[in-house]
Amino acid sequence: MRTARRNADLTQQDVAAGLGLTAHVAVARWEKGQRFPPAEKLVRIADILGVPVDILFPREGPCDLVDLRCDAGYAQGAAADAVEGLTRHALGDAEGGRRRLTDPSILEALSALYGLGPGELEAAQDQTFGMFDPAAAPPRPHPLADIERQTLSELQRLADHRGVALVSPRGGLSAAMLAVLNDLVSGQET
């Protein structure tokens, strides 16, 4: 976290202020490994530092409910507010392994919000409650997948702006796109 903060040219106080904290003490403890940030703050910390949450806070093993929410980019309150009939308290109880979410309409809406099928949400809920079935676990996205999607999107915008094809008929970057990228890299923009 410290490296990401320094790369973003931010102070601990900047990060604390972005999180609504009055002092930088918590940020210092997180960076020293004395404490771990609350799951509720992981998405916001990643946003402030400009780093995908899975790269900043890598996880191992199957996803649980908190992982799915963070991977989808939601704070707990925002996720609860986005699903009709779901309270923050009920979502917190489910994420904490205290009470399962059972209402089919809530499970369906939460799955849609997170971009998952209902079975994937159920598998994550099982993981949260210690009833893990590896065959049903949702796959953990590769940490670079978001960066690759963003890069491809930026390349497509550049190709559209320059009026060239991004991909050749045989696959791979088109010759025209390679020429545009070469010009950009060498500083000879046309």
Side-chain angles (χ1 to χ4, degrees), residues 1-5 12 15-147 149:
M1 188 171 149
R2 175 176 286 147
T3 301
R5 177 182 55 79
Q12 290 177 344
V15 174
L19 294 169
L21 303 174
T22 55
H24 72 282
V25 175
V27 176
R29 287 181 179 147
W30 301 336
E31 288 184 354
K32 290 178 185 176
Q34 294 173 339
R35 295 229 163 73
F36 193 78
E40 183 77 13
K41 297 194 182 303
L42 298 182
V43 173
R44 183 69 188 129
I45 293 168
D47 287 344
I48 291 168
L49 299 178
V51 178
V53 71
D54 278 337
I55 291 175
L56 190 60
F57 303 107
R59 297 178 298 257
E60 294 182 8
C63 293
D64 63 13
L65 290 174
V66 174
D67 292 337
L68 292 183
R69 178 175 49 78
C70 289
D71 288 347
Y74 286 93
Q76 190 179 69
D81 290 344
V83 174
E84 187 174 338
L86 179 62
T87 65
R88 184 176 178 174
H89 179 75
L91 183 57
D93 279 351
E95 289 180 352
R98 292 179 294 279
R99 175 177 251 162
R100 292 179 71 88
L101 297 172
T102 57
D103 183 321
S105 65
I106 289 177
L107 292 171
E108 183 178 333
L110 197 57
S111 294
L113 181 68
Y114 293 168
L116 305 167
E120 293 173 305
L121 187 70
E122 286 290 342
Q125 190 163 215
D126 287 346
Q127 173 65 22
T128 300
F129 283 82
M131 301 180 319
F132 173 60
D133 175 9
R140 184 168 298 283
H142 189 280
L144 297 179
D146 289 337
I147 294 170
R149 274 191 296 274

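- Separation of atoms NZ (K41) and CD (Q76) is listed at 12.0 Å; rounding is to 0.5 Å.
- Taking CG of L91 as the reference point, atom CZ of R99 lies at 14.0 Å (rounded to 0.5 Å).
- Annotation: ring pair (Phe, Tyr, Trp, His ring centres under 6.0 Å) contacts involving residues 27-47, sequence neighbours excluded, comprise F36-F57.
- Side chain of R88 to main chain of A79: no donor-acceptor pair is present (N/O by atom type, distance under 3.5 Å, no hydrogens or angles).
- When all heavy atoms are compared, the tightest approach of T128 to G97 is CG2-N, 3.8 Å.
- The distance from the CG atom of L19 to the CD1 atom of I48 is 4.0 Å, given to the nearest 0.5 Å.
- Here the CG-CD distance, from D67 to Q127, works out to 8.5 Å after rounding to the nearest 0.5 Å.
- Counting all heavy atoms, side chain and backbone alike, L65 lies closest to A94 at CD1-O, 3.6 Å.
- Between A16 and A23, the shortest heavy-atom distance links the atoms CB-O, 3.4 Å.
- The structure places OH of Y74 at 4.0 Å from CG of L113, a figure rounded to the nearest 0.5 Å.
- Applying the salt bridge (charged side-chain N to carboxylate O under 4.0 Å, His left out) rule to E31 yields the partners R2, R5; only residues at least two apart in sequence or on another chain are considered.
- A distance of 9.5 Å separates CG of L107 from CG of L86, quoted to the nearest 0.5 Å.
- F129 pairs by the ring pair (Phe, Tyr, Trp, His ring centres under 6.0 Å) definition with nothing, not counting sequence neighbours.
- Applying the ring pair (Phe, Tyr, Trp, His ring centres under 6.0 Å) rule to pairs touching residues 90-109 yields nothing, sequence neighbours excluded.
- Residues passing the salt bridge (charged side-chain N to carboxylate O under 4.0 Å, His left out) test with R100, sequence neighbours excluded: E122, D126.
- When all heavy atoms are compared, the tightest approach of A90 to L101 is O-CD2, 4.0 Å.
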Yes or no on side-chain contact (heavy atoms from CB on, under 4.5 Å) for V27 and I45, after CA distance, side-chain angles and deciding distance? CA-CA 10 Å; V27 176; I45 293 168; over 6 Å; no

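- Applying the salt bridge (charged side-chain N to carboxylate O under 4.0 Å, His left out) criterion to D81, with sequence neighbours excluded, gives no partner residue.
- Minimum heavy-atom separation, A4 to L49: CB-CD1, 4.0 Å.
- Within a 6.0 Å sphere centred on CD of E84, other residues, nucleotides and ligands contribute 12 heavy atoms or fewer.
- Annotation for P52 and A46: closest pair C-CB, 4.2 Å, computed over non-hydrogen atoms.
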